[in-house]
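By convention here, the first residue in the shown sequence is residue 1.
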Amino acid sequence: MRVTQNMLNQNMLTSLNRNLGKMETLQRQMTTGKKINKPSDDPVGLSSAMRYRSELEANEQYQRNLDDAQSWVEFNDTTVGQAVDVLHRARELAVQGANDSNPQEAKNAVASEVEELFDQLMDIANSQFNGKYVFNGQKTDQPPYPTDDAYQDTTFDDGKINFEVSRSLVLNVNVHAGQVFGEAEDEDNAFATLNALSTALRDGDKDGVDQALGHLDSRLDQVLESWSDIGARSNRLELIDNRLKDSDTNMQTLLSKTEDADMAAVITNLRTAENVYQASLATGARIISPTLMDFLR
């Protein structure tokens, strides 16, 4: 095959362009820190990177949902714990008031404290979190007890407040007032029991005090059961939180391995490409420069 000067020139230019293209790719990788800057760089890797990014975005949303769910459950845990404290104190007062050796003045004083506990428990039952009533189901814009005597005939909304905290996993985070303080028809309704206890103390009715004490014990059992359930939800949310964080770390690692450039290797390859380019230019200069006049000299 006859090799002409034009062939040499074309081959040299092709090689130079190839070296320039490689240098341009390496320089872009060094500038962006990414080895995938356009689809043609690595179609398969790009597909994997997009999938990892999609998973990370979903995880971020789940994490936000989980944070909201944890805040709601923590607030419920606090308020139900306060209700337990109030009912425990009421029980102590009931035991104290059941003692016949106490004068009526002392029983009246105990009754006054029971009435204060009633008001405190009503405040707890109408607690709000971020402007939402936490014990009235999905009717978060309405208090479960709009008046002090509403406990006598109120029917609570038992709608569930749910959060999607991971793929296909939705958790309920609320309890309604009936579960904690009792339904209107329940004998151990917390508010009815405190009212009955106060009345019995002021009337010196020992049997009435004893009956209220039994109802307090029954209601405390129900409240403690609800409190335990809230604690279980909190523990589960914590486990899900740890799993989401582990998943996020793994996805970030996979994404980095897929699209991040190895800067040490990029710098080394760029220096090598620059040296090859300079050598190509020097060689090309020797190939292109000779002409017929140069030989005739």
Side-chain angles (χ1 to χ4, degrees), residues 73-129 133-137 143-158 173-234:
V73 169
E74 287 169 4
F75 186 80
N76 274 347
D77 180 67
T78 300
T79 51
V80 173
Q82 292 170 351
V84 169
D85 292 340
V86 168
L87 293 175
H88 269 305
R89 178 57 182 162
R91 188 184 187 285
E92 292 174 3
L93 293 174
V95 172
Q96 182 180 338
N99 189 342
D100 285 335
S101 63
N102 289 325
Q104 187 58 43
E105 291 78 5
K107 292 179 181 179
N108 289 341
V110 171
S112 295
E113 185 173 350
V114 170
E115 290 159 6
E116 291 295 328
L117 291 178
F118 178 98
D119 293 338
Q120 185 177 350
L121 193 64
M122 185 64 71
D123 287 340
I124 293 171
N126 286 329
S127 294
Q128 296 182 69
F129 176 68
Y133 292 97
V134 298
F135 290 119
N136 202 23
Y145 300 101
T147 61
D148 285 351
D149 59 356
Y151 69 88
Q152 298 175 356
D153 57 7
T154 296
T155 300
F156 307 105
D157 181 73
D158 59 358
V173 297
N174 69 310
V175 291
H176 66 80
Q179 294 173 286
V180 179
F181 308 102
E183 301 288 353
E185 66 275 10
D186 292 342
E187 289 185 347
D188 62 352
N189 178 285
F191 298 106
T193 298
L194 291 178
N195 260 344
L197 176 59
S198 174
T199 300
L201 286 168
R202 291 192 182 280
D203 292 345
D205 180 3
K206 184 178 185 305
D207 290 339
V209 173
D210 289 339
Q211 185 179 43
L213 180 59
H215 290 163
L216 280 173
D217 287 336
S218 173
R219 178 45 46 190
L220 265 171
D221 288 342
Q222 296 296 321
V223 177
L224 289 171
E225 183 178 340
S226 295
W227 201 18
S228 175
D229 181 59
I230 291 170
R233 295 181 200 178
S234 180

Determine whether [X] and [Y] make a side-chain contact, defined as any pair of heavy atoms from C-beta on separated by less than 4.5 Å.
X: Phe181; Y: Tyr151; result: no
X: Val173; Y: Asn76; result: no
X: Thr79; Y: Phe135; result: yes
X: His176; Y: Glu183; result: yes
X: Asp188; Y: Gln222; result: yes
X: Glu113; Y: Arg89; result: yes
X: Val114; Y: Leu201; result: yes
X: Leu87; Y: Leu121; result: yes

Pairwise distance [atom1]([X]) to [atom2]([Y]) - rounded to 0.5 angstrom:
X: Leu117; Y: Arg91; atom1: CG; atom2: CZ; answer: 14.5 Å
X: Asp123; Y: Ser127; atom1: CG; atom2: OG; answer: 7.5 Å
X: Arg219; Y: Asp186; atom1: CZ; atom2: CG; answer: 5.5 Å
X: Arg202; Y: Asn108; atom1: CZ; atom2: CG; answer: 5.5 Å
X: Asp229; Y: Ser234; atom1: CG; atom2: OG; answer: 11.5 Å
X: Glu92; Y: Leu213; atom1: CD; atom2: CG; answer: 11.5 Å

Between Gln179 and Ser226: side-chain donor-acceptor atoms closer than 3.5 Å: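 Per modelled atom types, Gln179 and Ser226 side chains form no pair under 3.5 Å.
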field: Side-chain donor-acceptor contact under 3.5 Å, Asn136 with Tyr145
entry: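 There is no such pair between these side chains.
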Looking only at heavy atoms, which two atoms of [X] and [Y] are closest? And how far apart?
X: Ala200; Y: Gly208; result: CB-C, 3.7 Å
X: Leu220; Y: Val84; result: CD2-O, 4.1 Å
X: Lys206; Y: Ala98; result: CE-O, 3.3 Å
X: Leu216; Y: Ala94; result: CD1-CB, 4.2 Å
X: Asn126; Y: Pro144; result: OD1-CD, 3.2 Å

Audit row: Val134, Asn174, side chain to side chain contact (heavy atoms under 4.5 Å, CB included) steps and yes/no: CA-CA 7 Å; Val134 298; Asn174 69 310; over 6 Å; no
message: Looking at Gln104, I'd like to know if its CD atom is crowded, meaning that more than 12 non-hydrogen atoms belonging to other residues, nucleotides or ligands lie closer than 6.0 Å.
response: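 Yes, because the 6.0 Å sphere around CD of Gln104 holds more than 12 heavy atoms from other groups.
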Donor-acceptor pair, [X] side chain versus [Y] backbone, under 3.5 Å?
X: Ser218; Y: Gly214; value: no
X: Asp205; Y: Asp207; value: yes
X: Asn189; Y: Ala192; value: yes

